[in-house]
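These numbers come from a predicted model, not from an experiment.
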Amino acid sequence: MTSVKPSNVAYQVMWNRLISVVEEQAQALVRTAFSTSVREAGDLSAGVYDADGRMLAQAVTGTPGHVNAMADAVAHFIRRIGRDNIHEGDVYITNDPWEGTGHLHDITMVTPSFHKGRHVGFFACTAHVVDIGGRGFGADGASVYEEGLYLPIMKFADRGEVDQTLLRIVRGNVREPDQLVGDMYALAACNDIGHRRLSAMMGEFELDDLSGIAEFILDNSHRATLERIAALPRTSAEGSMTVDGFDTPITLKVRLTVAEDHILTDFAGTSGVDPKGINCPLVYAKAYACYALKCAIAPEIPNNAASLAPFRISAPEGTIVNAVHPAPVALRHIIGHFVPDAVYDALDKILPGVVPAEGAGCLCNFQLSLRPRTDAPAPNGARRAEVLIFNSGGAGARPAHDGLNATAFPSGVMTMPVEATEHAGPVVIWRKELRPGSGGAGERRGGLGQFMEVGARKGHEFDFQAMFDRVDHPARGRRGGAAGGATTIGQDDGTPMCGKGKQFVPHGRRVMLGLPGGAGYGAAADRDPALVRRDLARGYIDADAAVRDYGMSAEDVAEVEAAVHEGRWVD
């Protein structure tokens, strides 16, 4: 141990350095990953933990579903591996949905960090991989056994030696073996980057362990979070929302109870487990419930084990937010991403004027399984490929601001560029643009969704794995705001398609998508007329909506349209 305890100022500098360390860890993963979901969308997380497995800092890059779920994961690794079996040079791995981050497509790696031969902490990271075998990424499975290769918590590397038997098993069970094994090595490498930076920091500050800085971080974060909770009314409120589900609608019910030193979120009354793979393990529902509350109550307090602890989550086993093994959970993000809106339906009754209206909620993802056409001879060069595409609908309007267009909330991942998508396989994105009129009307307008038109290159057909919601249950407005636009999906010849599940698209056909918009906040009659004119000029709304929803006169509509047409409009 150091002979002189560092000052609070020194500890604050170290805390900031730790955040820089884990951000570099995350960026190393982005730069080295093979999967487009990591490189282009940032579907990952990275964090540093003390020797007891408590998260001290997380990277800014990443998703709350990953990082908040991963906050609980390291304790499972310690328990499964055993403290006596933790050695320098080890790397541990799992994709266990209940002890990792919710489904088999997320691989979590944990690396113990040693400084001067002494175990001082852990680095952990998670990445979504494009393929893990089984049925592929989709909701069609009836149990987790169908959804892909399961990796229990085990050693990826033992004292520096990678388990080659594990790699052969992985290669023999997935569709994209080079890509997946490359991602596994990228995960291990990014943890090693974090370890090296931490060891350098500890040498600079003459630290033998992390106990002092851990106590400083956790005590201050816990105290600051409790102060925010103590300032809230001691009361309870209920909220609920209904979403499409797979074949039948799903209802999420929430009861928030604010106590002096914690907030309890209880999901009793929520719909039961679904037969298809949209179920959500509690660890993932907890991650997004905590995230929603932190955003609303303590957004500037750093995210770590202590700042998350006062947010307590309860859900009966067998509900769709606490699905237990062997429930199918491949698309657990669909339900998990709706948890914040359900929580906010209750929180709005306790803290009016704070939370946004409902948005698109779950990511508007789809995966294409492309192959040479089978209805006729395929051209030379036609090939198989798995391409996962991340997209976003519109975010809900906020009390003081319009909703963000085509922006993921609560997941926070980025929309994948068309160029990167088309580079990953024989896919063509014929159209990708904002969807006018999809943002719900209100004093603050909901964010716009997108139009997309997707096909395959000549000589290919594909299976389309749909992962959409909001087809029958669009985002609801808040405080008098209007609903956002619903999801639409079909082929270009008029063939209808379902919002979820694997569906065949023959050679030459395209999938036409209208991604959902966010809902409005406040009455549309209260919107600033200048903002209505701006929305009309930008094409966010049409003339009919300007008149119908916002009461704009026909003369004002004509004036704006003329100014735009003649190039006189100044935004």
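- Looking only at atom types and distance, the side chain of Asp131 has no donor-acceptor partner in the side chain of Gln367 under 3.5 Å away.
- Looking only at side-chain heavy atoms (C-beta outward), Phe390 and Thr415 stay at 4.5 Å or farther from each other.
- In this structure, Glu461 and Pro506 have side chains that are not in contact, with every pair of non-hydrogen atoms separated by 4.5 Å or more.
- Remark: Asp463 engages Arg371 in a salt bridge, criterion side-chain N to carboxylate O under 4.0 Å.
- Counting heavy atoms from C-beta outward, Arg234 and Glu260 have side chains that approach closer than 4.5 Å.
- Ile320 places a side-chain heavy atom less than 4.5 Å from the side chain of Asp274.
- Looking at Phe246 and Pro275, their side chains never come closer than 4.5 Å, going by heavy atoms from C-beta outward.
- Counted by atom type alone, Thr242 and Thr251 present one or more donor-acceptor pairs between their side chains at under 3.5 Å.
- In this structure, a donor-acceptor pair under 3.5 Å is present between the side chains of Gln27 and Thr61.
- Test Ser314, Pro310, Ser236 against Leu264 for side chain to side chain contact (heavy atoms under 4.5 Å, CB included) and you get one pass: Ser314.
- Between Phe462 and Phe464, the ring-plane angle classifies as tilted under the 30° and 60° cut-offs.
- Because its NZ or CZ atom is not both nearer than 6.0 Å to the ring centre of Tyr521 and within 45° of the ring axis, Arg444 does not count as a cation-pi partner of that residue.
- Closest approach of Ile263 and Leu256 over heavy atoms only: CG2-CD2, 4.3 Å.
- At least one side-chain heavy atom of Leu331 sits under 4.5 Å from a side-chain heavy atom of Phe137.
- Here the closest non-hydrogen pair linking Ala519 and Arg476 is CB-O, 3.1 Å.
- Considering only heavy atoms from C-beta on, His103 stays 4.5 Å or farther from Glu147 through its side chain.
- Here salt bridge (charged side-chain N to carboxylate O under 4.0 Å, His left out) pairs that include residues 558-571, with residues two or more places apart or in two chains, are Arg538-Asp571, Glu566-Arg568.
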